[in-house]
Number of protein chains: 2
Amino acid sequence: MDRSSGVPAFRQVAADLRERIVAGEYEPGARLPSERELVDNYGVSRPTIRDAIDLLRAEGRVDAVRGVGVFVRPPTQIERLARSRLSRAARAENKGAFMADAAAKGFTPSSSVKIRFEPADERVAGLLGIEPGTEVTVRDRVMRANGLVVQLAVSRLPRELTRGTVIEEVDTGPGGAYARLEEAGHAIGHYVEDVGSRMPSPEEASTLQLAEGVPVITVTRIAYRQDGLPLEMNDMTLPADRYRLTYEWAAE
Amino acid sequence: MDRSSGVPAFRQVAADLRERIVAGEYEPGARLPSERELVDNYGVSRPTIRDAIDLLRAEGRVDAVRGVGVFVRPPTQIERLARSRLSRAARAENKGAFMADAAAKGFTPSSSVKIRFEPADERVAGLLGIEPGTEVTVRDRVMRANGLVVQLAVSRLPRELTRGTVIEEVDTGPGGAYARLEEAGHAIGHYVEDVGSRMPSPEEASTLQLAEGVPVITVTRIAYRQDGLPLEMNDMTLPADRYRLTYEWAAE
DNA sequence: GAGTGGTCTAGACCACAGC
DNA sequence: CTGTGGTCTAGACCACTCC
């Protein structure tokens with residue numbers, strides 16, 4: 001603790017704790033000294049210790065458990081999502097990429113869907129190449145593995161394409177909505193995915209049961225028919241500590 | 001302010017401010033009431049108000065400026081990185097994707113490179129398909145647009161592939177390292193990119209000049225020769241508020 | 001100089017976990 | 001019951017910006 005360095009005390013404490021964590025002095029899952037102990041160790045007040053710990057929480061390095069202690073967050077199991085999950089071959093065998101993925105890894109997957117119809121706003125209309133206000137079918141999905149929410153997905157299609165099909169129902173059958181579109185003569189030509197990341201809203205944090213300091217990855221996928229007509233857009237939200245996305249393509 | 005709802009006061013204040021921001025009552029760039037004004041408005045102490053504002057900062061919604069005030073963060077300019085930036089055609093015309101991108105958008109791009117040689121650790125060796133300890137050439141780049149750091153990239157290649165080439169020098173010439181590899185008979189067959197996101201370390205936050213509550217996107221790209229040999233791996237770190245990545249591929 | 005956010009103190013009481 | 005983190009108060013002083 002250097003009180004005349006100009007570096008705030010809580011940052012010095014955080015830096016020291018961070019160093020010890022990285023060095024392995026506090027191993028993953030280990031408990032840090034209690035806040036009152038740290039008060040004695042560093043000779044600062046409790047609010048200052050709490051500011052330091054809050055910093056480490058925002059960085060995603062530690063978790064606080066009320067009544068118990070502060071723990072070094074262990075690394076999470078990372079799931080890789082490859083674009084091959086969307087191939088027709090993969091579709092032929094299952095009810096959709098998510099279900100197959102999870103089952104293969106020993107999880108019990110589940111997924112709840114809510115269906116609604118609404119007019120397209122500016123963004124949706126632009127991406128689907130339709131007029132704002134045109135009715136779209138919205139499939140709002142919450143995906144779980146072993147009861148834990150692992151992914152949110154909001155799929156939108158021009159209602160014109162879904163009327164009278166099972167895409168407007170909860171169960172779209174084997175292969176999912178893409179398979180139904182293809183059966184209806186809308187063979188998919190190509191996909192585009194747009195990937196970004198940001199901190200979650202409080203609502204997202206609670207539905208995805210996100211820990212402190214964990215961003216979400218947002219993916220917007222658009223499926224185009226072979227003639228270039230947009231068939232579907234899908235806004236996905238993933239916990240960044242559990243997923244990585246992989247893309248592969250030939251040179252040129 | 002409902003003091004008996006069980007919801008902490010600072011969260012209620014944050015929720016109220018968040019609501020007003022989303023509703024447009026405080027427009028992007030607008031100043032929030034000062035902390036002391038908020039103390040009066042909500043009838044809580046200043047530390048409580050500060051907790052509320054800290055929450056909004058961690059969410060990336062507001063920026064605090066000492067001596068001035070707290071401001072609603074305006075949306076940032078988003079740059080899209082498409083995989084087409086790696087095509088041979090794009091390479092033929094310029095010194096690398098980054099420079100061309102930036103120039104096209106009216107930025108003055110610059111990039112500083114540090115070159116070093118080091119033994120491959122476990123991860124690097126695994127990704128490059130070499131034995132741990134094998135010497136690799138490391139090109140550590142900091143990319144800037146108008147003086148602002150916008151991207152970090154650490155490229156590693158087996159030293160065996162770069163010895164005696166300009167890849168071991170600061171300026172790799174037109175088309176960059178990939179062009180030099182291809183000239184040396186290592187035609188690139190395909191690329192794989194692995195995308196994730198996390199909160200930055202304090203060092204990353206300061207070199208990338210990241211605002212509060214902004215995650216980084218991490219991309220690991222591997223370039224493979226046509227026979228499948230890994231030629232290069234590239235660890236990129238991007239500010240998540242300035243970049244989105246787009247990938248496009250044909251169905252099947 | 002007045003007003004702003006940044007830091008820090010020395011307490012207090014609460015809710016919760018675990019013995 | 002004890003110890004833990006979670007919340008909150010009422011101050012204080014500082015560094016900084018702007019007039």
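Not measured: the values here are computed from a predicted model. Within every chain, numbering begins at 1; the chains are lettered A, B, ... in the order of the sequence lines, protein sequences first and strands thereafter.
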| request: Given side-chain hydrogen bond (donor to acceptor under 3.5 Å, both in side chains), test B/R244 with A/S197 step by step and report yes or no. | output: CA-CA 8 Å; B/R244 291 189 70 86; A/S197 169; over 6 Å; no
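Between A/Q12 atom CD and C/dG6 atom P the separation is 18 Å, expressed in whole Å. Separating the CD1 atom of A/I53 from the P atom of D/dG5 is a distance of 7 Å, rounded to the nearest angstrom. In this structure, A/D54 atom CG and D/dG5 atom P are separated by 12 Å, rounded to whole Å. Going from atom CD of A/E37 over to atom P of D/dT4 covers 6 Å, rounded to whole Å. For the pair A/L55 CG and C/dC8 P, the computed distance is 12 Å after rounding to whole Å. A straight line from OH of B/Y42 to P of D/dC8 spans 14 Å, rounded to a whole angstrom. Put simply, CZ on A/R11 is 14 Å from C1' on C/dC8, counting in whole angstrom units. Between A/D63 atom CG and D/dG5 atom P there is a gap of 13 Å when expressed in whole angstrom units.
Using a 4.0 Å cut-off between a side-chain N of Lys or Arg and a carboxylate O of Asp or Glu, A/D63 and A/R73 qualify as a salt bridge. In summary, B/R221 and B/D194 do not engage in a salt bridge, as defined by a charged side-chain N under 4.0 Å from a carboxylate O.
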| note | A correct 5'-to-3' footprint of nucleotides 9-19 of chain C, with B, S and - meaning base, sugar-phosphate only and no protein heavy atom under 4.0 Å, is BB-B--BBS--
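Side-chain contact between A/L17 and A/L56 is present, with at least one heavy-atom pair separated by less than 4.5 Å.
Comparing C/dT7, C/dG5, D/dT7 against the side chain of B/F10 picks out D/dT7 as the nearest.
Rounding to the nearest 0.5 angstrom, the gap separating the CD atom in A/E59 from the OG atom in B/S201 is 7.5 Å.
Each of B/R18, B/R20, B/Q12 was scored for a side chain to side chain donor-acceptor pair (under 3.5 Å) with B/D16, with one residue passing: B/R20.
Close to D/dG3, at under 4.0 Å from its OP1 or OP2, lies no side-chain N or O of A/S34.
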